[in-house]
Amino acid sequence: MIILTATTLGLTAGLMRSAGVIAIVAMLIGVTFAIAAIVSGGAVSFLALFYTILGYNAGLLLFLGGLFTTDRLRAVRALS
């Protein structure tokens, strides 16, 4: 569920097409984890943070792949 949520965050941040939004969302992921680690009474799993960062980057890459694919399909249609 963590990876799915982070991937969705990456896709939606990419849809905004703003480097500032992408950076702010990435920063908020780290800040949220830090606050949760401070407030938590027990041990914190850094593996969850790793999965979140991995999912966020995967979402951004999925967005870029979709962007390049649609651009390529438009170019092929224009030639036909």
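Positions are given from 1, in the same order as the sequence printed here. Source: prediction; values computed, not measured.
Environment of CZ in F33: crowded, with over 12 heavy atoms of neighbouring residues, nucleotides or ligands closer than 6.0 Å.
The hydrophobic cluster containing L64 does not contain L73, counting ILVMFWY residues as joined when their side-chain heavy atoms lie under 4.5 angstrom apart, directly or transitively. The hydrophobic cluster containing L9 does not contain L11, counting ILVMFWY residues as joined when their side-chain heavy atoms lie under 4.5 angstrom apart, directly or transitively. There is no path of hydrophobic side-chain contacts, each under 4.5 Å, that joins L62 to L60. Residue I35 is not grouped with residue F46 when hydrophobic side chains (ILVMFWY) are merged at heavy-atom distances under 4.5 angstrom, including chains of intermediate members. I22 and L28 are members of different hydrophobic clusters when ILVMFWY side chains are connected at heavy-atom separations under 4.5 Å.
For the atom pair I3 CD1 and F50 CZ, the distance stands at 9.0 Å (nearest 0.5 Å). The distance from the CG atom of L54 to the CG atom of L47 is 10.0 Å, given to the nearest 0.5 Å.
Between R17 and F63, the closest side-chain pair of non-hydrogen atoms falls below 4.5 Å. Looking at Y56 and V25, their side chains come closer than 4.5 Å, going by heavy atoms from C-beta outward.
In this structure, the side chain of N57 engages the main chain of I53 through a donor-acceptor pair within 3.5 Å.
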